[in-house]
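Here's the structure we're looking at; comments come further down.
When reading the values below, keep in mind they use all heavy atoms of this one structure, side chains included, and skip hydrogens, waters and symmetry mates. Computed from a predicted model, the values in this text were never measured in an experiment.
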Amino acid sequence: MKLSRFLLPALATCLLTIPTMQVHAHPSAASVVPAKKLASIQRIDPTFWWVGMKNPKLQLLVHNPGIADSKLTMAAYPGVTLEGTQKLESPNYLLVNLNIAPDAKPGKLKLEFAGGKTKLKYDYELRARSTDKSRVQGINSSDFIYFLMPDRFANGDPKNDIIKTARARTVARDSMYARHGGDYKGIEQHFDYLKSMGVTAIWPTPVTENDMPKASYHGYAVTDYYNSDPRYGTTEEYAQFVQKAHQNGLKVIHDVVLNHMGSYNYLFLDQPAKDWFNQWPAFTRSNYNSSALNDPYGSARDRDLYNKGWFDTTMPDVNQSNPLVSTYLIQNFLWWVEYTGLDGYRIDTYPYSDPKFLMDWGKALLDEYPQLGMFGEAWVGSTAQQAFFARNILPPVDGFKSNLPGVLDFQSQNAIWDALKEKGNPTRLYEALQGDWLYEDATRNVVFMDNHDMSRVYSVIGESLPRLKMGFAWLLTTRGIPQLYYGTEILMKNFSNPDGLVRADFPGGFSGDKQNKFTATGRTPQEQEAFTYLSKLGTYRKAHPVLQTGKLMQFIPQDGIYTYFRYNDQGETVMVMLNSNQDEKTVDGTRFAERLGGFSTGTEVVSGAAVTDLKSFKVPGWSALVVELRK
């Protein structure tokens, strides 16, 4: 996420109608509905839970007018202990603390809230955990991620386009800020398309409810932590989507935001307590500079502005240093894993959250699901700063030692742009990987060429198909987990000013589209060439472990040529040469003797052409050689 995602011109006119930084006063006693008039509990978070979780403690947040004045009793339930309740500032909340023993059985807890002359009863469900071993598979370097925006990818169920209870109730495909109608069914209908490219994992932008009045399509302003956005499908349909993906050999990555929420979230509209949010006398933005966190000469104010300042006027900054808030968030993200069986989390704006909370959050999730994949967005300016937010060899700083397995690799993304531009320079590609010594395991990082927050790579490199194919070659052969932004394979283009321009609908995903680029017949010759090249490399990578888990040896770029090898103990070796020059270059192969030794020939992976001479290579201008070596 970047700031400009929310500083869009179209939003300027709506800020007066959206709750902002103003502190919300809690209802006075006179405005609270008397307990004797209450009919039912409005909601309890988590909405249900499971027996057999490793952490026996469960914190329930009960929300109902005047509920704080109620006395809670719980019918005896073997293995479950009511440890007490806790009032918050707002009279409309009550915290309930439970302890669930390992031998507790699934069933329903009989809760009774007594206030005045009325007793409210609630059956809280404890479920059995799933024993399906195909769930929560994790994300690793054997995967190839396809990143998409559900609203803009494909509309498979027009019946959920308009939700009458939503604040934005229209679909307008001619507006870059409105909903366009894409959904889970639309993605499901194109599983085969994704698999044809060698894709193994789907990363949609956040699918939890974003019921904001404007620009809610991106999903990064959650308004209900426990609900799927109904315009994509129900919460149950999301769980089914994950299951169907697994049945099709595809994993699912769940995009989450820890740092902030949408200002129409019920927790902000009726705040449990003022200290559930980072409050300021007047609206105060983050300084957006993570350097403040580990600057040995930095100021406390700069750190506070970074971690506690708001991302934007409509995105309240959550106070994760409050242990009650921390527990609420941790439980929510455990809930989504157990309920759906998702395979990994991508964490938006990862460094902006409270550092101690990040450690607690990561530990809680990995304690419960050791196989869970996790990578965070750390959009920072150096390899060292990027490594600070992943598991690394660095000492703790002010008590922070990251336990996040990996990060989105913005350093290599910047470097591939340098290598593919008109006056290409691949040196930064070499340097980006040279800094891998800082990481515990850099192969857990996600490599990419562009995303929804930046200009599309095809436009950045002057709409050059040869250079884009070079980028594809790098993406699918370098170390780490490759991620492709939707539509790059069919030459979708534009610059991110504003961001909506790089979030266009996938042609063919919507009724009435004049072209269907999900099919070969709907693509131009150039689009088909790009798609074919990517698919050949993607399916090759999927079938050859050497490009997934093999070691990497790189050579310092010379004369605009960057050369590296992927190899393993099973004797597989793939050589990659990237030529960032307009002209063909002849490369002396003897320089690479330590990796070419023992091999006599090779096959160019995409074209299938035989390579008979390993002592000298001719590399055409703006091209990549990807050669499988043979003895």
- Task: Determine whether the side chains of Y369 and E338 contain a donor N or O and an acceptor N or O closer than 3.5 Å.
- Result: yes

- Query: Does H260 reach the main-chain N or O of V257 with its side chain, forming a donor-acceptor pair under 3.5 Å?
  - Reply: no

- Item | Near-ring test Y352/F311, centroid separation under 6.0 angstrom | yes

- Query: Are side-chain N/O atoms of R391 and S402 paired as donor and acceptor at under 3.5 Å?
  - Reply: no

- Query: Salt bridge between D192 and K195, side-chain N to carboxylate O under 4.0 Å?
  - Reply: yes

- Just how far is it from atom OG of S326 to atom CG of L258, taken to the nearest 0.5 Å? 10.0 Å

- Nearest-0.5 Å distance that lies between atom CH2 in W379 and atom OG in S290: 13.0 Å

- Note on the structure: With sequence neighbours left out, the residues meeting side-chain hydrogen bond (donor to acceptor under 3.5 Å, both in side chains) with T223 are E209

- Task: Decide yes or no on side chain to side chain donor-acceptor pair (under 3.5 Å) for Q386 and D409, but give the supporting numbers first.
- Result: CA-CA 8 Å; Q386 183 172 282; D409 194 346; 2.9 Å; yes

- Does the side chain of Y220 come under 3.5 Å of the side chain of D255 through a donor N or O and an acceptor N or O? yes

- So, S286 side chain and G309 main chain: donor-acceptor pair closer than 3.5 Å or not? no

- More than 12 heavy atoms from other groups under 6.0 Å of NZ on K363: no

- Item | For I481 against T443, the heavy-atom pair lying closest together | CG1-O, 3.7 Å

- Query: Within the side chain of D312, is there an N or O that forms a donor-acceptor pair under 3.5 Å with the backbone of T314?
  - Reply: no

- Mind telling me whether Y339 and W336 have parallel, tilted or perpendicular rings, with 30° and 60° as the class edges? perpendicular

- Task: Could you check whether the rings of Y225 and Y328 sit parallel, tilted or perpendicular, using 30° and 60° as the cut-offs?
- Result: perpendicular

- How close do A221 and M315 get, heavy atom to heavy atom, and via which atoms? CB-CE, 3.9 Å

- Item | Donor-acceptor side-chain pairing of D343 and H254 below 3.5 angstrom | no

- Salt-bridge contact D398-K356 (side-chain N to carboxylate O under 4.0 Å): no

- Going by the angle between their ring planes, with limits at 30° and 60°, are Y266 and Y93 parallel, tilted or perpendicular? parallel

Side-chain donor-acceptor contacts of residues 101-112 below 3.5 Å, not counting sequence neighbours, with atom names and distances?
from	atom 1	to	atom 2	distance (Å)
K110	NZ	D123	OD1	3.3
K110	NZ	D123	OD2	3.1

- Message: Strictly below 4.0 Å, N to O, side chains only: are K57 and E83 in salt-bridge contact?
- Response: yes

- Task: Answer yes if the side chains of D275 and N322 hold a donor-acceptor pair under 3.5 Å, and no otherwise.
- Result: yes

- Message: Quick one: does any side-chain atom of D354 pair with a main-chain N or O of F357 as donor and acceptor, under 3.5 Å?
- Response: yes

- Item | Shortest non-hydrogen contact from V199 toward Y146 | CG1-CB, 3.7 Å

- Stepwise, does the salt bridge (charged side-chain N to carboxylate O under 4.0 Å, His left out) test hold for D161 with R169? CA-CA 8 Å; D161 289 356; R169 290 184 290 276; over 6 Å; no

- Do you know the tightest heavy-atom contact between Q371 and R135? NE2-O, 4.4 Å

- Item | N392 (side chain) donor-acceptor with A387 (main chain) under 3.5 angstrom | yes

- Query: Is it true that K244 and E237 have a side-chain N and a carboxylate O under 4.0 angstrom from each other?
  - Reply: no

- Query: Is the distance between the ring centroids of Y345 and F375 under 6.0 Å?
  - Reply: no

- Task: Over 60° means perpendicular and under 30° means parallel, so classify the ring planes of W335 and W50, tilted if in between.
- Result: tilted

- Distance col, row I41:CD1 vs L94:CG, nearest 0.5 angstrom, shows 9.0 Å

- Query: Can a donor-acceptor pair be found between the side chains of N92 and D270 at a distance below 3.5 Å?
  - Reply: yes

- Query: Salt bridge or not for D367 and K54, using N-O below 4.0 Å?
  - Reply: no

- Donor-acceptor pair, side chain of S228 and main chain of G233, under 3.5 angstrom: yes

- Task: Kindly compute the distance separating CG (N445) from CG (L408), expressed to the nearest 0.5 Å.
- Result: 8.5 Å

- Considering all heavy atoms of both residues, which atom of D157 and which atom of K185 are nearest to each other, and what is their separation? CB-CG, 4.0 Å

- Message: Walk me through whether L372 and V337 qualify under side-chain contact (heavy atoms from CB on, under 4.5 Å).
- Response: CA-CA 9 Å; L372 182 70; V337 179; 4.2 Å; yes

- So, the side chain of R503 versus the backbone of H452: is there a donor-acceptor pair under 3.5 Å, distance only? yes

- Without swapping roles, check the side chain of N140 against the backbone of S142 for a donor-acceptor pair under 3.5 Å. yes

- Query: Measuring from I100:CD1 to W49:CH2, what's the distance to the nearest 0.5 Å?
  - Reply: 8.0 Å

- What are the two closest non-hydrogen atoms of T235 and Y226, and how far apart are they? OG1-O, 4.2 Å

- Task: Check the side chains of S353 and Q320 for a donor-acceptor pair under 3.5 angstrom, ignoring hydrogens and angles.
- Result: yes

- Salt bridge or not for D151 and R231, using N-O below 4.0 Å? no

- Query: Would you find a donor on one side and an acceptor on the other, under 3.5 Å apart, between the side chain of T340 and the backbone of A239?
  - Reply: no

- Is the F48-Y124 ring centre distance short of 6.0 angstrom? no

- Query: Do you know which of I187, I202, D183, T205 makes side-chain contact (heavy atoms from CB on, under 4.5 Å) with F153?
  - Reply: I187

- Item | From CG (N248) to CZ (F191), nearest 0.5 Å | 5.5 Å

- Charged N-O contact under 4.0 Å between D317 and K308: no

- Taking the six-membered ring of Y232 (Phe, Tyr or Trp), confirm whether the NZ or CZ of R179 is under 6.0 Å from its centre and within 45° of its axis. yes

- Task: Measure from the side-chain N and O atoms of R167 to the backbone N and O of D211, and report whether any donor-acceptor pair falls under 3.5 Å.
- Result: yes

- Could you label the plane-to-plane angle of the Y350 and F389 rings as parallel, tilted or perpendicular, counting under 30° as parallel and over 60° as perpendicular? perpendicular

- T200 and D143: side-chain donor and acceptor closer than 3.5 Å? yes

- Donor-acceptor pair between R152 and H180 side chains, under 3.5 angstrom: yes

- Task: Return the orientation label for the F283 and W310 ring planes: parallel under 30°, perpendicular over 60°, tilted otherwise.
- Result: perpendicular

